[in-house]
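Take a look at the structure below.
Order of the sequence lines sets the chain letters (A, B, ...), proteins ahead of strands, with each chain counted from 1.
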Amino acid sequence: MLKTNIKEIYRETDRFMNQKIVVSGWVRTIRSSKAFGFIELNDGTFFKNLQIVFEDKLKNFQEIAKLNISSALTVEGTLVESPGSNQAFELKAEKIIIEGTSTPDYPLQKKRHTFEYLRTIAHLRPRTNTFSAVFRVRSLAAYAIHKFFQEKGFVYVHTPIITGSDAEGAGEMFRVTTLDLENPPRKEDGTIDFSKDFFGKETNLTVSGQLNVETYCMAFKNVYTFGPTFRAENSNTARHAAEFWMIEPEMAFADLRDNMDLAEEMLKYIINYVFENAPEEMDFFNKFIDKGLFERLENVANSSFEHVSYTEAIEILQNSKESFDYPVKWGLDLQTEHERYLTEKYFKKPVFVTDYPKDIKAFYMRLNDDEKTVAAMDLLVPGVGEIIGGSQREERYDRLEQRIKELNLNMQDYWWYLELRKYGGVKHSGFGLGFERAIMYLTGMSNIRDVIAFPRTAKNADF
RNA sequence: UCCUCGAUAGCUCAAUGGUAGAGCACUCGGCUGUUAACCGAGUGGUUGCUGGUUCGAGCCCAGCUCGGGGAGCCA
């Protein structure tokens, strides 16, 4: 008797055909008549189910026929060719052991549910086809990212989750404190005395590992972080979460062009890896979630990404016949409608927009020779929008110091960041990839809440 | 946070200001190859919350809560 899982049966069918096997899994649906019935069994190892045929010669036939959905079973039997048209093989049951029962009020029907409803049962939704596919792809994509960087010799750095500085002003932060909020210690002037707090200073959850990872970049040359990130923005969109995962590579001796090449190579690598390792899941997305998915991803995997400077992008937008709600003018940031036009209508593929005006970008980005723009890049992709944001970093001590002053940031907070420029500072570049946005792009899922297991968004931290 | 649409049975949705309905799920019965199985019968409701208008409110008005879509912030 061969104990196996359903993935193996699909992948190595010949090895199991006409053999006695044992599988354990959960009931997705039961169809029964007087003397026989069919069970769709899913054991979690594979997207597809295994059809079980059971007949009334089983001692517990009546009991099996009445099982509720999601009951857990161990089935012994022989794998045989199936006369049905929807599956090549099926398991003819000789013994069925009920491992765990379910009840009639099981909230998941055999019918389609809305994603909104499934969010209210986040503990059960991984049992649905869609979430089974999304979260297997998510796992594979995470592995592909590590594989990609490790194969290139990048060192994985775990940057801190709790931070003592407002790293880059990248957004509102979540406070970390052990102070009694009802009655916090106060200084003589009435303000809260954070020297009494756990760390002896104000601390928050990180909004980016970038500044920390740059320190390891100057020691290991090529590094990356991959971890949770927190933004306390009151964002109510399908693309924002308060807790999300971000990949941030950083390369020494690399300019903006090297940076973009890495981003492009990485995205293509992930796409190819997922296609190779989750073909059934990708098929499902293409059929039921986003009918243009294959075409789009194949287009991306097989073509070169576009490159356009911010200044050129402004000209393209100004010369277009589109009527935009927001003004297009050099110096103003691109609006979502502008980004969509560029990537979805004009280029119809991923496009890097580079060299933005310095006033709309972060302090650490390298000032270009024109003194007006910085070596920044955003990667825009059809359907999702901005998926990557990166830059070549300002490696010149005096320039960086000047930018910190100009923006009225506290120089003291950046002393160690500045010292990287003092002791063998070299040109270096990096970017941030929003992991959930990458998963949305890979699967065609349109809401970030449906590509992260337990989404944390404004007014929602259930489960 | 702003704009906009919405909230009715377990789920997905109907219902001119005048008796709250369907499909699916569920329960019972039938069915010897099903594929969201099929056929018959049955159970199931404080119409999101609070207040108002009206002889009468699921429907009209106000506020609130939550959700969808769009925008801002960004990844």
Calculate the interatomic distance between A:Arg231 atom CZ and B:C73 atom C1'; express it in whole Å.
10 Å
Applying salt bridge (charged side-chain N to carboxylate O under 4.0 Å, His left out) as the test, list every pair that has at least one member in residues 99-110 of chain A; sequence neighbours left out.
none
Map A:Ser33 and A:Ser235 onto RNA chain B by nearest heavy atom, then report which one ends up closer to the 5' terminus.
A:Ser33
Suppose we call a contact any N or O donor and acceptor under 3.5 Å apart; does that hold for the side chain of A:His113 and the base of B:C11?
no
Can you identify which nucleotide, out of B:C11, B:C31, B:A75, has its nearest atom closest to the A:His240 side chain?
B:A75
Distances under 3.5 Å only, N/O to N/O: pair up the protein atoms with those of nucleotides 45-49 of chain B.
none

Within this structure, what is the CG-CD distance for the pair A:Leu211 and A:Glu250, rounded to the nearest 0.5 Å?
9.5 Å
Kindly state which residues belonging to residues 328-350 of chain A come within less than 4.0 angstrom of RNA chain B, counting heavy atoms of the residue only, listed by number.
A:Gln335, A:Thr336
Of all pairs that satisfy ring pair (Phe, Tyr, Trp, His ring centres under 6.0 Å), the ones with a partner from residues 68-112 of chain A, not counting sequence neighbours:
A:Tyr10-A:Phe89
Round to the nearest Å and state the distance from A:Glu248 atom CD to B:A75 atom P.
9 Å
Result for side-chain hydrogen bond (donor to acceptor under 3.5 Å, both in side chains) between A:Thr78 and one of A:Glu94, A:Glu90, A:Lys20 points to A:Glu94
Please report, to 0.1 Å, the donor-acceptor pairs under 3.5 Å made by any side chain of residues 131-139 of chain A, with sequence neighbours excluded.
residue	atom	partner	partner atom	Å
A:Arg136	NE	A:Glu281	OE2	2.9
A:Arg136	NH1	A:Gly44	O	3.4
A:Arg136	NH2	A:Gly44	O	3.0
A:Arg138	NH1	A:Glu436	OE2	3.0
A:Arg138	NH1	A:Val451	O	2.8
A:Arg138	NH2	A:Glu436	OE2	3.0

Pairwise C1' distance for B:G33 and B:G67, with rounding to whole Å:
43 Å
Could you check, using the six-membered ring where one of them is a Trp, whether A:His307 and A:Phe305 have ring centers closer than 6.0 angstrom?
no
Sequence neighbours excluded, which residues qualify as side chain to side chain donor-acceptor pair (under 3.5 Å) partners of A:Tyr341?
none
Measure distances between side-chain N and O atoms of A:Gln87 and base N and O atoms of B:U34, and say whether any donor-acceptor pair falls under 3.5 Å.
yes
For A:Glu214, enumerate each residue passing the salt bridge (Lys or Arg N to Asp or Glu O under 4.0 Å) test, keeping only those at least two apart in sequence or located in another chain.
A:Arg393, A:Arg421
Ring of A:Phe38 versus six-membered ring of B:G33: centres under 5.5 Å and planes under 30°?
no
Please write out each protein N/O paired with an N/O of nucleotides 23-27 of chain B under 3.5 Å, distance rounded to 0.1 Å.
residue	atom	partner	partner atom	Å
B:G23	N2	A:Lys111	NZ	2.6

Hey, does A:Thr114 reach any base, or is it just sugar-phosphate, or nothing, if we go heavy atoms under 4.0 Å?
sugar-phosphate
Secondary structure string for RNA chain B (Watson-Crick or G-U under 3.5 angstrom, | for other-strand pairs)
(((((((..((((....[..)))).(((((.......))))).....(((((..]....))))))))))))....
Between the protein and nucleotides 63-68 of chain B, which nitrogen or oxygen pairs are less than 3.5 angstrom apart?
residue	atom	partner	partner atom	Å
B:G68	OP1	A:Arg119	NH1	2.4

Have a look at A:Leu108 and say if it touches a base, only the backbone sugar-phosphate, or nothing, with a 4.0 Å heavy-atom cut-off.
nothing
Are A:Ile448 and A:Met440 side-chain neighbours, meaning at least one heavy-atom pair lies under 4.5 Å?
yes
Least distance between heavy atoms, A:Phe38 atom then A:Phe54 atom
N-CE2, 3.5 Å
Got A:Lys361 and A:Asp378 here, is their nearest side-chain heavy-atom distance under 4.5 Å?
yes
Rounded to the nearest 0.5 Å, how far apart are NZ of A:Lys92 and CD of A:Gln51?
10.5 Å
Taking the ring centre of each residue, are A:His338 and A:Tyr326 less than 6.0 Å apart?
no
Given B:A75, B:G33, B:U1, which nucleotide is nearest the side-chain atoms of A:Asn236?
B:U1
Let me see the working for A:Arg231 and A:Glu233 under salt bridge (charged side-chain N to carboxylate O under 4.0 Å, His left out), right down to the final yes or no.
CA-CA 6 Å; A:Arg231 306 263 167 100; A:Glu233 298 287 351; over 6 Å; no
What's A:Thr29 touching, base or sugar-phosphate or nothing? Going by heavy atoms closer than 4.0 Å.
sugar-phosphate
Between B:U27 and B:U43 - P atom distance, rounded Å
16 Å
Can you sort out which residues in residues 430-441 of chain A have a heavy atom within less than 4.0 Å of RNA chain B? Ascending by number, please.
A:Gly432, A:Gly434, A:Arg437
Strand contacts (RNA chain B) in residues 88-98 of chain A, 4.0 angstrom heavy-atom criterion
A:Glu90, A:Lys92
